[in-house]
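Numbering of ligands and ligand atoms starts at 1, following listing order.
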Amino acid sequence: MSDYKTITVEPITGTIGAEISGVDLCNLNDQNVAEIRQAFLKHLVVFFRDQEMDIPAYKAFASKFGPFGTEPFVKTMDEHPEVITVLKEAHETNTINFGGQWHSDWSFLKTPPMATILHGIDIPPFGGDTVFANSYLAYETLSDGMKRIVDPLVAVHSARRPYGTGKSILGDTSKKSMTIIRSEEAHEEVEHPLVRIHPETGKKVLFVNPVYTVRLKDMTERDSREILDKLFTHSISEVFTCRFRWRRNSVAMWDNRCAMHLALNDYDGYRRELRRVTIAGDIPYGAAKPGPDPLAMANG
Ligand code: SIN
C-alpha cells in the first residue's frame, strides 16, 4: 500500500530520487506539503514536472518548507533577494559552469541550507542534466574499520576555491553571465563533523564534498588529500546516483544534508536558465561535534 494519499511518488532509481505527480505546486494543502516532505526525506531529491510558476508563486511554494537561506557570493535577483538565476548563455562556450563539480550547497556556512529548490525556465534541447548522489549510502557502505576512522573526524569547509581572491575553480568569473562575487570573506574556514547526523532521520551521513571541504581539522590540505580523495571517489559510486533530465517548468528539491549534486556542462551553444532558492538549515552535528541534547531540550 502507498505511504501517500494525495500525491503519486515514483522512485527513479533504487538508491536516490523520485518523481512526484498529481500535485499543483501553486495549490498545496497541508497534507500535500507533509507528503512531499516525507518523500523528500525518503528519496533525498524529488522532482516535479509541468509546474508553471511565476516568481511569487515559486517563493510561496518554497517557503512552505521553511525560511529562506542566505545566498553568498552570487548576485541575487534585484526584486527577489532570496532567488538566484542559474544561467549559462549560448555564447558561453568552453567555460566552467556554475555548480559543475560535486558539492552540497553552501556547506561552508556555519548553518548550511537544508534544501535547495530549482525551477527550470529555459532548458537546452539536450544536456544540462543534474546528477545527485546519496551520502547516507556513502557512509553506510564504508567498511567498519573505515567508519571507526572517519566517525570522530572534523572537516574544514571554505568557499575559497570558487569564490576566493586567487585563481577560481570556476575559471574567469568576470566573463560569466551570472554575477559571481569574489572576496576575502570566501577564505574563512568553518568546521563541520565529517560524519553528520541528519537532524530529521537520525541517520549518519558522509558530509564531505570536493568543492568546499578543503581539509581535515589539524591537517594541511596536502596531508588531508589522500583520505578526502578516497572519500570523494567512494561517495559518487554510480550506484549511489541518479540523473535528472530537465524540461521547462520541471522542479527539483533536494536535501543538502544528505546528498551532493552537480550540473553537467554538455550543452555548449544553448542557453540554460533555472531559478534557485535555498531553505535554511541548522548547524551540523555528529560524534565529532555533539548537537543538541534532546533531554535538555525537552526540559527547556
Ligand atoms: C546548483 O549547484 O545549485 C545548480 C545545479 C544545476 O544547475 O543543475
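Using a 4.0 Å cut-off to heavy atoms of Ala263, the atoms of ligand 1 that qualify are 5 (C), 6 (C), 7 (O), 8 (O). Shown in contact with Arg272 at under 4.0 Å from a heavy atom are these atoms of ligand 1, numbered in order with element: 6 (C), 7 (O), 8 (O). Shown in contact with Gly99 at under 4.0 Å from a heavy atom are these atoms of ligand 1, numbered in order with element: 2 (O). Using a 4.0 Å cut-off to heavy atoms of His261, the atoms of ligand 1 that qualify are 1 (C), 2 (O), 3 (O). Within ligand 1, the atoms closer than 4.0 Å to a non-hydrogen atom of Val86 are 7 (O), numbered from 1 in the order shown.
Residue-level proximity to ligand 1 for Asp105 is carried by the side chain, the only part with a heavy atom below 4.0 angstrom.
Nearest protein neighbour of atom 3 (O) of ligand 1, counting heavy atoms only, is Arg276 NH1, 2.7 Å. Shortest contact from atom 8 (O) of ligand 1 to any protein heavy atom: Thr130 OG1, 2.6 Å.
Here atom 5 (C) of ligand 1 lies nearest to Leu118 when heavy atoms of Val131, Thr278, Val74, Leu118 are compared.
Taking the centre and axis of the six-membered ring of Tyr136, the NZ or CZ atom of Lys204 falls outside the cone set by 45° and 6.0 Å. Cation-pi geometry between Lys176 and Phe98 is not met: the NZ or CZ atom fails to fall both under 6.0 Å from the ring centre and inside 45° of the normal. A cation-pi arrangement, defined by a distance under 6.0 Å to the six-membered ring centre and an angle within 45 degrees of its axis, is absent between Arg276 and Trp254.
Between Glu221 and Arg215, no side-chain nitrogen of the basic residue sits less than 4.0 Å from a carboxylate oxygen of the acidic one, so the salt-bridge criterion is not met. By the 4.0 Å N-to-carboxylate-O rule, Asp268 lies close enough to Lys88 to be salt-bridged with it.
Polar contact check, His103 against ligand 1: a nitrogen or oxygen pair lies under 3.5 Å apart.
In summary, of the residues considered (Trp106, Tyr212, Phe207), a ring-ring contact (aromatic ring centres under 6.0 Å, His included) with His157 occurs for Phe207 alone.
For the pair Val74 and Tyr163, the minimum side-chain heavy-atom distance is below 4.5 Å.
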